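Working notes for the structure below.
In this text the structure is predicted, and so the values were computed from the model without any measurement. Letters A, B, ... are given to chains in the order of the sequence lines, protein chains preceding strands, and every chain is numbered from 1.
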There are 2 protein chains.
Amino acid sequence: MYTIGQISEMFNLPISTLRYYDMEGLFPQMQRQSGIRKFSENEVEALRVIECLKASGLEIKDIKQFMDWAMQGAETYEKRRELFEARREVIEAEIANLKKMLDMVKFKCWYYETAIKDGNEDGISAMLPDKLPKDIQELYDNAHS
Amino acid sequence: MYTIGQISEMFNLPISTLRYYDMEGLFPQMQRQSGIRKFSENEVEALRVIECLKASGLEIKDIKQFMDWAMQGAETYEKRRELFEARREVIEAEIANLKKMLDMVKFKCWYYETAIKDGNEDGISAMLPDKLPKDIQELYDNAHS
DNA sequence: ACTTGACCTAAAGTCAGGTTTATGTATTAC
DNA sequence: GTAATACATAAACCTGACTTTAGGTCAAGT
């Protein structure tokens with residue numbers, strides 16, 4: 001069992017955020033001891049799920065919906081499975097997009113390194129759009145596709 | 001040269017968002033023809049950079065800062081290089097985090113598939129935390145590390 | 001001529017996701 | 001006994017990133 005302060009340190013989240021999540025109903029199982037929140041393994045796991053659903057772009061109210069389903073037991077297994085299947089696709093798409101963004105960023109790193117070396121962007125401009133060094137060309141093409 | 005409507009379709013962004021970006025100073029080079037915005041290749045590339053910096057978590061005002069640097073020419077190459085190096089680290093960290101979240105989501109997909117098959121969560125509970133099927137155990141361990 | 005559609009601005013409005021403030025309680029440290 | 005620390009609540013406040021509204025210009029089609 002943990003206090004809100006301990007959980008705040010464990011997850012590196014402000015106490016105010018944890019209380020806000022609680023108010024929004026994200027810890028439907030949480031117990032209290034004379035008014036004080038008691039976070040158990042149950043809530044720790046809930047927080048891991050919250051972070052994961054948040055990372056997938058889900059809104060707080062939809063995370064609450066999931067918590068509500070979890071309280072309803074076996075009859076909502078299918079809904080919960082569908083939710084995670086959908087989040088899986090969203091996260092996979094997001095990773096793919098970030099990889100593309102990363103290639104753009106890597107290209108720009110090379111771009112400015114080269115501009116610093118040359119003192120100007122003229123040499124680079126002359127190589128655009130398809131006469132870049134092979135590995136850089138790949139980054140550029142991927143970032144501009 | 002493109003109109004705001006064409007750019008809106010190209011990037012799948014609302015016209016209002018493009019005008020908002022312009023108001024925030026993200027297209028410092030943009031020309032106008034009797035009041036009407038003319039997006040050139042320059043602005044198209046700016047927008048690609050905007051999307052990439054946004055994806056890396058940069059705020060609009062910091063993207064404007066970058067655009068201001070770009071207007072100042074060669075003297076800000078180093079600042080711009082440092083910015084992209086920093087964004088690179090942020091994006092790499094974000095991809096790593098999303099991969100972890102993805103493992104949690106995959107674990108949960110298996111969890112509910114199994115719960116649906118079994119009609120309850122008892123069998124799964126009995127396998128936790130370290131007697132899961134090998135491939136699932138890997139997902140679980142990664143998601144809980 | 002007049003309607004339609006695409007553009008324009010300035011200003012107000014919206015929304016999610018917290019954070020801060022003001023006030024109070026309960027336990028521990030000296 | 002009193003000061004510090006950690007907890008509590010309700011309600012107000014804040015921020016970033018848009019979006020909507022209200023009003024206007026301008027060119028093309030019928």
Side-chain angles (χ1 to χ4, degrees), chain A residues 1-40 43-44 46-68 87 90 94 97 101, chain B residues 1-40 43-44 46-68 87 90 94 97 101:
Chain A
M1 291 286 191
Y2 309 95
T3 65
I4 200 168
Q6 291 171 319
I7 296 288
S8 164
E9 298 229 315
M10 278 176 57
F11 283 87
N12 209 19
L13 285 174
I15 289 178
S16 62
T17 301
L18 294 169
R19 293 211 261 245
Y20 166 67
Y21 287 171
D22 187 25
M23 270 209 332
E24 294 300 307
L26 304 196
F27 304 116
Q29 303 263 38
M30 192 153 54
Q31 302 296 302
R32 300 212 175 200
Q33 242 176 45
S34 51
I36 293 182
R37 292 175 183 83
K38 289 286 157 192
F39 290 76
S40 69
E43 279 70 45
V44 171
L47 253 180
R48 280 194 278 256
V49 172
I50 289 166
E51 299 241 286
C52 152
L53 292 177
K54 254 175 59 77
S56 84
L58 213 65
E59 291 178 16
I60 300 292
K61 65 173 190 300
D62 297 318
I63 300 178
K64 177 183 166 31
Q65 172 69 273
F66 168 75
M67 296 300 173
D68 290 349
R87 291 346 278 172
V90 169
E94 180 59 13
N97 186 50
M101 298 298 123
Chain B
M1 290 287 190
Y2 308 95
T3 65
I4 200 168
Q6 290 172 319
I7 296 288
S8 164
E9 298 230 314
M10 277 177 57
F11 283 85
N12 209 20
L13 286 173
I15 289 177
S16 62
T17 300
L18 294 168
R19 293 211 261 246
Y20 165 69
Y21 287 172
D22 188 25
M23 269 210 331
E24 294 300 305
L26 304 195
F27 304 116
Q29 305 263 38
M30 193 154 53
Q31 302 295 301
R32 299 210 174 203
Q33 242 176 48
S34 50
I36 294 182
R37 292 175 183 82
K38 287 287 158 193
F39 290 76
S40 68
E43 279 69 46
V44 170
L47 213 31
R48 279 194 279 255
V49 172
I50 289 166
E51 300 239 287
C52 152
L53 292 177
K54 254 175 58 77
S56 83
L58 214 64
E59 291 179 14
I60 300 292
K61 66 171 189 301
D62 296 318
I63 300 178
K64 177 184 167 28
Q65 172 69 272
F66 168 77
M67 295 300 174
D68 290 349
R87 291 347 279 172
V90 169
E94 180 59 13
N97 185 50
M101 298 299 123

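- Atom CD1 of A:I7 and atom C1' of D:dA6 are 15 Å apart (whole Å).
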Practice item. Using the side-chain contact (heavy atoms from CB on, under 4.5 Å) rule, take A:D62 and A:L53 through it: C-alpha gap first, then chi angles, then the decisive distance, then the call. Key: CA-CA 9 Å; A:D62 297 318; A:L53 292 177; over 6 Å; no
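- Side-chain atoms of B:M30 and B:D22, non-hydrogen and from C-beta on, do get closer than 4.5 Å to each other.
- With a 6.0 Å radius and a threshold of 12 heavy atoms from other residues, nucleotides or ligands, A:Q6 has its CD atom above the threshold.
- Rounded to whole angstrom, the span from the CG atom of A:L18 across to the P atom of D:dC7 amounts to 11 Å.
- In this structure, A:Q33 atom CD and C:dT27 atom P are separated by 11 Å, rounded to whole Å.
- As a whole-Å value, the separation of A:I50 CD1 from C:dG17 C1' is 14 Å.
- One interatomic measurement links the two molecules: NZ of B:K38 to P of C:dC8, which rounds to 9 Å at whole-angstrom precision.
- Between A:F27 and A:F39, the ring planes lie perpendicular to each other; the angle is over 60°, past the 30° to 60° tilted range.
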Review point. For nucleotides 18-26 of chain C, read 5' to 3', which letter fits each nucleotide if B means a protein heavy atom sits under 4.0 Å from the base, S means only the sugar-phosphate is that close, and - means neither?
Key: BBB------
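- Residues A:I50 and A:M67 have side chains in contact (heavy-atom distance under 4.5 Å, counting atoms from C-beta outward).
- In this model, the phosphate group of D:dA6 is not approached by any side-chain N or O of A:R19 to a distance below 4.0 Å at OP1 or OP2.
- Close to C:dT9, at under 4.0 Å from its OP1 or OP2, lies a side-chain N or O of B:R37.
- Each of B:G57 and A:G35 was assigned the nucleotide of DNA chain D with the nearest heavy atom; the assignment lying further toward the 5' end belongs to A:G35.
- A donor-acceptor contact shorter than 3.5 Å is absent between the side chain of B:E59 and the backbone of B:G57.
- No side-chain heavy atom of A:R87 sits less than 4.5 Å from a side-chain heavy atom of B:M101.
- Rounded to whole Å, atom C1' of C:dC8 lies 11 Å from atom CD1 of B:I15.
- Atoms CG (A:L58) and P (C:dA16) sit 13 Å apart, rounded to a whole Å.
- Within 4.0 Å (heavy atoms only), A:E24 reaches no atom of the nucleic acid at all.
- D:dC18 atom P lies 14 Å from atom CG of B:N12, rounded to whole Å.
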